[in-house]
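Shown next, in structure tokens, is the structure this report addresses.
Small disclaimer: the values here were computed from a predicted structure and weren't measured. Positions are given from 1, in the same order as the sequence printed here. For ligands, and for the atoms within them, numbers begin at 1 and follow the listed sequence. Only this structure's heavy atoms are used, side chains among them; waters, hydrogens and symmetry mates stay out.
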Amino acid sequence: MKIGILTGGGDCPGLNPVIRAVVRKAHCEGYEVIGFKNGWKGLIENDTLKLDLGAVSGILPKGGTILGTSRTNPYKKEGALEKVKQNFTKMGLDALVAVGGEDTLGVASRLTRDGVPNIVGVPKTIDNDLSCTDYTFGFDTAVNTVMECIDRLHTTAESHHRIIVAEVMGRHAGWIALEAGLAGGADVILIPEIPIDMDEVCAIIKKRHQRGKTFSIVVVAEGAQFKDKDMVTQEEKLDEFGHVRLGGIGEFLGGEIEKRTGYETRISVLGHIQRGGSPTAFDRVLGTRFGVKAVELIKNKKFGRMVALAGNKIVDFPLEEAVKALKTVDQELYDIAKVFSG
Ligand code: F6P
């Protein structure tokens, strides 16, 4: 049996533990593993890396991905789909493990219907916005990184009696903002799921001042939106998966807060720091469990499925179902955050 593996979309901590687990489990089963470099690009161009035990030794604590990644969409490139099919056959692949988020797994799901059926998906993303799984790996590390940043912002905000706005990633879901905001004790948390009401934000901050709290931490998700304003973007141009580049809302929000409250305000855009670094124990273990399960699915010929976490069990769902809709923040969690607002 020969298994291919690729990692696509934005990188995140935990990708290397998945690659390692796939190779180690495949070795136990007597299967061979070949890596494709830079996501779907590697399968289109047949750019490969042999993955034996030596190749994955020592990669468990490393962030990023030893395979590299890209946001290449074979459905958006002339002749690319044919190349994918040809290379699948040419390399003698029996199965492919696609590790990615909604875009990479969206392609995996389409390929499953379009004549490349032997694919198994593994859900990754710091955004935690994939359906059918309680958590994607990468999210926990990002949340811990953001929490640490919020802790640091707290001490300087308090000393200077300032408002600090921390802009975080997450695309169109507020998971990072909400969980890191809760963990870091943010005073205001703004997420894409709930339109921003500036009067309410300023009222919370002013109320804090009245009770002697002359500083506030506001966490805003990059995809959050004002009630009466278009989404703030860095770049309107769409990528191959139809996404604009988000970012910049913190700057606008901070300006408005300072103007309306008169309190000195600073903005901190956390950016790609959130995607870097060594995976937490949770992400190492989750990635490892996902990788092992992916090979088990292949062994049992359960293709067109995505491995997933349900409670504390590793399960699997049809790829199609996993990419149908984004998993956004539920009201229950938001209501908990509201208790600590202000
Ligand atoms: O999907 C992961 C993510 O980090 C999003 O949170 C963010 O909007 C996007 O990727 C940034 O992408 P890039 O690395 O291409 O700037």
_Lys/Arg-Asp/Glu bridge criterion (N-O < 4.0 Å) met for Arg171, Asp129_ = no
Indicate every side-chain donor-acceptor pair of residues 98-106 with a distance under 3.5 Å to a residue at least two apart or in another chain.
from   : atom 1 : to     : atom 2 : distance (Å)
Asp103 : OD1    : His243 : NE2    : 2.9
Asp103 : OD2    : His243 : NE2    : 2.9
Thr104 : OG1    : Gly8   : O      : 3.4

_Side-chain heavy atoms under 4.5 Å apart, restricted to Ile/Leu/Val/Met/Phe/Trp/Tyr: what other residues fall into the cluster of Val315, or is it alone?_
Phe317
Residues 152-168 side chain polar contacts: donor-acceptor under 3.5 Å, at least two apart:
from   : atom 1 : to     : atom 2 : distance (Å)
Arg152 : NE     : Glu148 : OE2    : 3.3
Arg152 : NH2    : Glu148 : OE2    : 2.7
His154 : ND1    : Gly184 : O      : 3.4
Thr155 : OG1    : Arg152 : O      : 3.0
Ser159 : OG     : Thr155 : O      : 2.8
His161 : ND1    : Thr214 : OG1    : 2.7
Arg162 : NE     : Glu264 : OE1    : 3.1
Glu167 : OE1    : Gly248 : N      : 3.2
Glu167 : OE1    : Ile249 : N      : 3.2
Glu167 : OE1    : Gly250 : N      : 2.8
Glu167 : OE2    : Gly248 : N      : 3.2

*Describe, in one word, how the ring planes of His209 and Tyr263 are oriented to each other, choosing from parallel (under 30°), tilted (30 to 60°) and perpendicular (over 60°).*
parallel
*Sub-3.5 Å donor-acceptor pair from the side chain of Ser131 to the main-chain atoms of Ala325, do we have one?*
yes
*Listing by chain and number, which residues have a heavy atom under 4.0 Å from ligand 1?*
Arg71, Ile126, Asp127, Met169, Gly170, Arg171, Glu222, His272, Arg275
